[in-house]
A.B. asks: 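After the structure tokens below, expect a handful of questions from me.
Lettering follows sequence order; numbering is per chain, from 1.
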Amino acid sequence: MDSFVEQLTRGAEEEFTEESAWDGSAVRIESSSLPAIHLPVLPRYLQHTTTGGRKATGFQETKTACFNYIHEALLENQWQRAAEFMTAYLETLESTSAEHRMAAPEVVWRIGAEILCHHSKSSIEEFNYFAERIKNVGVKNYLKVCLEHVFHLLCNGLIDDAYRNLSLAEGWRYGEQTAAHDKEMKLIQAYKGLLDYYNWSEKRKAMLELDDDDLAQFVEQEMHSFFRQAAVNFKEIIKIPGVWDPFVKCYVELLEFYEDYDEVRQVLSEYAYNSKFPSNPNAHVYLYQFLKRQGESKKTRIAVLKILHELVPSHELMLEYNAMLQKSKKRKKHRLGLQVIFTVLDFAGWKEHVKAWSCLAKQIKQILENSSKHLYWIMEEWNSRKDWWPAFHFSHHLAKINWQENESLACEKAFVAGILLGKDCKYFRYVSHQGHKAKKGRFQTMKKFVKKHSSSHLRASGVLDSCIHL
Amino acid sequence: MQCCIINWGLTDEGKFYCKSCHNVIERTTEVLTSDVVPNTKIQSISKGLRKRKKIDKGWEWYVCEGFQCILKKQAEALQALGVSPQMKDEILCNFWRCYLQKSKQAYCSMPVTDNALISDIGTDVDSEPERISLHGFSSFSESDGDLQTESSFGRVSSIGKASATETTSVCSGSVDGGSYLLKRKKGDLKMSMPMTLSLCYLALLWLREPVTLSDLLRFVLDGHIPYLNAFQCFPEEMKLYGVDLKIFRVESWPVYEDVHKKMYELAAFLDLPCFPAITNSCFLHPNILCIKYLMEANLPDELHNWTCRVVKKINVGETDFLTLDPVNKSTRKVKYDVLAAALIIVVLKLLFLLDDQYEWLHASFARKRNQKNKEECPWFDFKKWYTIIKKSLDVEQKKLDEERARCLWKCEKPLFYSAKEKYIVLKRRQTVVNLQRQFGSLSGSMQVSEKQKPSSFQLNWAEENTDGICFHGHILEGILQEKDNSLTTTNTKYWLCTVKLCNEKICGHLTHYKESDFPQSYQFVLNLFSFLLRVPASLIHEEVCLIEHKLFKTKLRRR
């Protein structure tokens with residue numbers, strides 16, 4: 001490596017020194033040390049660029065054509081026609097090219113399932129027959145097909161059949177392949193756990209309606225056995241990094257029913273905080289909800305929502321977060337609350353959320369009333385938004401619509417607009433005008449407040465200039 | 001069921017039988033292995049029902065026997081299509097014998113085989129000497145029954161050899177499958193599936209049968225001639241596995257150019273003499289083929305006059321040019337059908353220019369004229385012809401494409417490479433059959449696509465056909481003018497498909513056809529003939545270029 005670098009620098013130096021008296025000797029020196037270039041083999045005929053790889057056989061060509069016909073037929077919902085071509089396409093399972101043969105089962109499974117789901121003459125029996133055949137075409141697909149088959153059964157409300165299939169799949173073994181399919185097997189088991197949970201919750205419902213104590217005890221025992229089966233499988237799957245929301249939710253419900261709160265706490269913290277897991281907002285939501293149920297301190301709950309705020313600033317829990325921050329005694333928290341509510345309103349989904357707007361209005365009002373010490377909080381938030389919020393929230397058109405559809409929303413927004421953009425802004429003017437016409441007392445107070453504050457404080461900072469173009 | 005007591009007696013027919021259980025030994029095998037004393041006879045007892053082992057093991061057979069079997073079936077199919085019986089019994093049979101001799105597989109003093117085998121034959125006393133002689137080739141006219149009983153039906157068979165090869169030929173069902181693919185001496189021509197068709201076509205050409213190569217290949221594609229899964233015609237005892245699959249399994253349809261090229265290679269390899277002359281009364285003569293294609297393309301009969309003129313002008317109607325003469329290597333390899341199609345296209349270009357302008361101008365002129373004079377013979381209206389042909393061509397092309405996509409390639413008896421694979425292959429086959437049945441019942445109208453009767457015409461524009469308009473009787477008015485007592489085209493322009501032909505040896509082709517470079521009308525005409533002949537449009541285009549270059553030779557040279 002060193003010598004190579006040396007050679008390079010030396011080469012550069014030589015070139016540099018001999019640049020003035022160029023005779024090509026530098027190149028000659030260099031080329032003597034270069035290895036000879038090996039030219040690639042030319043194709044037999046010059047002008048024929050080959051796209052690489054072997055030419056497809058007639059068999060493959062016709063099967064590709066066949067696939068295209070099926071594709072077309074599926075798009076046009078011609079299930080009979082698709083089935084017709086499918087009979088020919090099935091031969092790909094016997095393709096002589098190993099590569100094609102390996103890929104075929106999945107394609108056949110997808111197309112076939114699609115046809116059987118929609119064909120008028122098809123039935124769940126037909127589907128089962130098809131799935132059973134495909135499961136045994138290639139060992140590699142066995143568990144995947146099993147799982148999808150189960151989904152199909154569940155979609156058709158055949159829960160018992162699905163359960164039976166899952167149990168069968170759970171018992172499947174195939175030599176060395178068994179290990180390779182460990183994850184898929186865990187999934188199978190997890191879904192079986194989900195069905196166990198389903199049975200458990202059915203029993204719970206049944207138990208609540210029972211009057212007979214002996215019977216209730218029996219049902220409780222049954223419930224408990226379902227619980228154990230489900231719990232084992234859930235516990236296994238959530239060890240693997242991944243997004244397991246349905247399993248986690250069910251598991252938590254089971255554990256809470258049996259009052260194993262420590263386990264819940266551990267499971268949820270692991271699910272939320274283990275860095276090996278993909279970032280998942282729901283994990284934090286579940287943890288927060290659990291902590292809330294448990295009546296945990298605000299501090300811990302705020303900590304959870306802080307992460308959620310980073311992940312999903314537009315989450316519906318942000319209002320709750322904001323409220324908690326407001327109730328806190330620390331100024332820093334108040335400021336964070338303002339940030340949270342501003343950010344929430346950056347998202348289109350919150351545009352017409354009265355509560356969010358009233359929160360913002362209330363907070364702004366508070367800041368303005370408690371001396372103008374924290375005015376710069378608002379200004380800093382506003383600075384990054386002054387370019388686009390006027391058009392996004394405070395246009396004349398929106399004022400009209402808001403007023404028509406939801407007067408209280410219009411009021412809250414008008415207040416905020418009045419403060420941020422000044423009393424001359426279109427939104428405030430329109431709404432206050434409408435309010436004046438409707439002779440509503442609260443507009444008068446609002447107007448006064450806005451006039452007092454918007455002109456004196458924000459205009460001075462130059463913020464209001466931005467509304468001139470409005 | 002095997003009797004363990006060794007107490008042999010001899011039957012009246014001279015066969016062994018067991019004195020304790022009275023089973024007659026039907027088969028004797030001699031095993032030569034290194035670890036046992038040489039020439040020790042191991043005999044197996046076989047009762048009438050115990051056929052399984054025999055079938056599993058199968059006969060010993062040679063690759064050339066397989067091809068012989070296929071050729072026989074192909075010849076029979078051709079005969080059933082109406083080809084003279086001479087083709088099978090005399091011509092093809094002789095060609096085949098000739099091939100075996102030239103490739104030193106039979107009919108020669110020292111056939112090429114594994115050396116071990118030859119020595120075996122020489123020393124083994126138990127071998128059947130009459131079978132070493134070549135008599136299998138009468139089997140061409142023998143019935144299937146004969147084939148079944150004729151256990152060697154080929155060339156060499158010795159009992160001793162079986163055991164010797166048994167250990168080495170695990171990877172093929174045939175005796176010489178492995179070595180067949182290996183050896184490749186210079187000047188050696190290996191028989192292959194496409195080449196069986198080349199051989200068939202040579203025989204047809206020798207007899208000057210009215211079948212073009214494109215017809216032959218079309219019949220193959222439509223299943224009238226065994227090709228795909230042709231090994232099914234093998235007797236059950238001819239086991240096919242291992243390397244044999246590479247030789248006999250068909251995964252692609254035969255390609256026109258490929259079969260055509262191999263035909264000439266074969267003719268040269270077999271040292272065939274000059275073929276019977278193709279005169280202007282032969283079907284393959286361009287003047288006659290042009291009539292056929294003009295009819296099929298629904299073009300006016302009058303055009304024939306013009307194709308004949310072009311043929312005469314460029315001397316492609318000469319017997320010397322058309323007749324296949326393997327001795328004279330300089331002769332061009334004529335593709336009769338493609339030549340005829342290209343001639344028609346050149347004539348269309350001469351008359352209608354096909355530049356997307358002139359032909360439409362003339363068409364509107366002809367249409368107005370036809371509207372005015374409804375009684376008289378109608379002028380040929382290119383636009384009308386185009387719309388009618390286009391409609392029907394699109395329908396047929398779609399039908400053909402779908403038919404191709406629906407084609408089933410696999411036969412009931414699946415092929416497997418080795419015995420190890422057998423179970424899984426059979427299982428997979430069974431699954432496919434089951435699923436095919438399932439989806440078959442869902443496809444509703446289970447159209448049992450009847451085999452269409454083979455015909456040399458694909459499009460029919462007979463006069464009584466009412467839905468399509470027949471242009472055969474239309475006249476070429478408006479584009480011709482009389483000049484010095486002869487008719488010439490009104491149009492005095494022409495455009496060449498290419499100014500310079502490529503070097504076939506460097507490019508692989510004389511021309512390179514890129515659709516977008518050419519006028520739509522020209523593309524359409526090319527595609528029409530490409531459909532009729534089932535060859536790529538580029539092949540016809542190449543021929544068109546060649547004809548043009550002959551036609552305009554003097555003018556091109558002057559440049």
A.B. asks: Considering only heavy atoms from C-beta outward, does the side chain of R437(B) approach that of T87(A) to under 4.5 Å?
C.D. replies: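 Contact flag for R437(B)/T87(A) side chains = no.
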A.B. asks: Using heavy-atom distances under 4.5 Å, tell me whether Y69(A) contacts chain B through its side chain, its backbone, both, or neither.
C.D. replies: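 The side chain, not the backbone.
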A.B. asks: Mind listing the closest non-hydrogen atom pair of K121(A) and S441(B) along with its distance?
C.D. replies: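 Smallest interatomic distance, heavy atoms only, reads NZ-O, 3.9 Å.
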A.B. asks: Compare every heavy atom of A405(B) with every heavy atom of A88(A), then report the nearest pair and how far apart it is.
C.D. replies: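 The pair with the smallest heavy-atom distance is CB-O, 3.6 Å.
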A.B. asks: Could you give the distance from CZ (R428(B)) to OG (S95(A)), rounded to the nearest 0.5 Å?
C.D. replies: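 If I round to the nearest 0.5 Å, the distance is 9.5 Å.
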A.B. asks: Could you state the interatomic distance from CD (Q438(B)) to CZ (F130(A)), rounded to the nearest 0.5 Å?
C.D. replies: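 CZ of F130(A) is found 7.0 Å from CD of Q438(B).
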A.B. asks: Please state whether the side chain, the backbone, both or neither of R429(B) comes within less than 4.5 Å of a heavy atom of chain A.
C.D. replies: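 Contact with chain A: backbone and side chain both.
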A.B. asks: Using non-hydrogen atoms only, which part of E126(A) is less than 4.5 Å away from chain B: side chain, backbone, both, or neither?
C.D. replies: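 E126(A) touches chain B through backbone and side-chain heavy atoms alike.
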A.B. asks: Mind checking the CG-CG spacing from L90(A) to N434(B)? Nearest 0.5 Å is all I need.
C.D. replies: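 It comes to 10.5 Å.
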A.B. asks: Got a donor-acceptor contact below 3.5 angstrom from the S252(B) side chain to the G58(A) backbone?
C.D. replies: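 Flag set: sc S252(B) to bb G58(A) pair under 3.5 Å.
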A.B. asks: Side chain of K410(B), backbone of E91(A): donor and acceptor closer than 3.5 Å?
C.D. replies: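 Checked: no pair found.
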A.B. asks: Using a strict 4.0 Å threshold on nitrogen-to-oxygen distance, state whether E402(B) and R81(A) make a salt bridge.
C.D. replies: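 A salt bridge is present here (some side-chain N lies under 4.0 Å from a carboxylate O).
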A.B. asks: Nearest 0.5 angstrom please: E132(A) CD to T431(B) OG1, how far?
C.D. replies: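 It comes to 12.0 Å.
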A.B. asks: Roughly how far, to the nearest 0.5 Å, is CD of E403(B) from OG1 of T62(A)?
C.D. replies: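 Rounded to the nearest 0.5 Å, the OG1-CD separation comes to 13.0 Å.
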A.B. asks: Can you tell me if CD1 on I424(B) sees more than 12 non-hydrogen neighbours from other groups inside 6.0 Å?
C.D. replies: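 Open: at most 12 neighbouring heavy atoms sit under 6.0 Å from CD1 of I424(B).
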A.B. asks: Using a cut-off of 6.0 Å, state whether more than 12 heavy atoms not belonging to K186(A) lie near its atom NZ.
C.D. replies: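 Yes, NZ of K186(A) has more than 12 neighbouring heavy atoms, counting only those of other groups under 6.0 Å.
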A.B. asks: Taking the side chain as C-beta and beyond, is there a heavy-atom pair between Q80(A) and L442(B) under 4.5 Å?
C.D. replies: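 They are not in contact (no side-chain heavy atoms under 4.5 Å apart), so the answer is no.
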A.B. asks: Is the number of heavy atoms from other residues, nucleotides or ligands within 6.0 Å of CD (E76(A)) greater than 12?
C.D. replies: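 Enclosed.
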A.B. asks: Can you pull out the residues in residues 96-115 of chain A with any heavy atom less than 4.5 Å from chain B?
C.D. replies: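 Residues T96(A), R101(A), G112(A), I115(A) are the ones that qualify, each having a heavy atom under 4.5 Å from chain B.
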A.B. asks: If I compare all heavy atoms of C407(B) with all of K63(A), which pair ends up nearest, and what's the gap?
C.D. replies: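 What the structure gives for the nearest pair is O-NZ, 3.3 Å.
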A.B. asks: With chain A as the partner, which of K427(B), R249(B), R404(B) has the greatest number of non-hydrogen pairs under 4.5 Å?
C.D. replies: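 Option with the top pair count is R249(B).
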A.B. asks: Does the separation of the ring centres of Y89(A) and F439(B) fall below 6.0 angstrom?
C.D. replies: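 Centroid separation for Y89(A) and F439(B): 6.0 Å or greater.
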A.B. asks: Are there residues of residues 152-165 of chain A that reach to under 4.5 Å of chain B by heavy atoms, and which ones?
C.D. replies: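 The stretch does not come within 4.5 Å of chain B.
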A.B. asks: Find the one option among L116(A), I134(A), V137(A) whose heavy-atom pairs under 4.5 Å with chain B are most numerous.
C.D. replies: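 The candidate making the most pairs under 4.5 Å is L116(A).
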A.B. asks: Are any non-hydrogen side-chain atoms of V250(B) and F59(A) less than 4.5 angstrom apart?
C.D. replies: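 Contact flag for V250(B)/F59(A) side chains = no.
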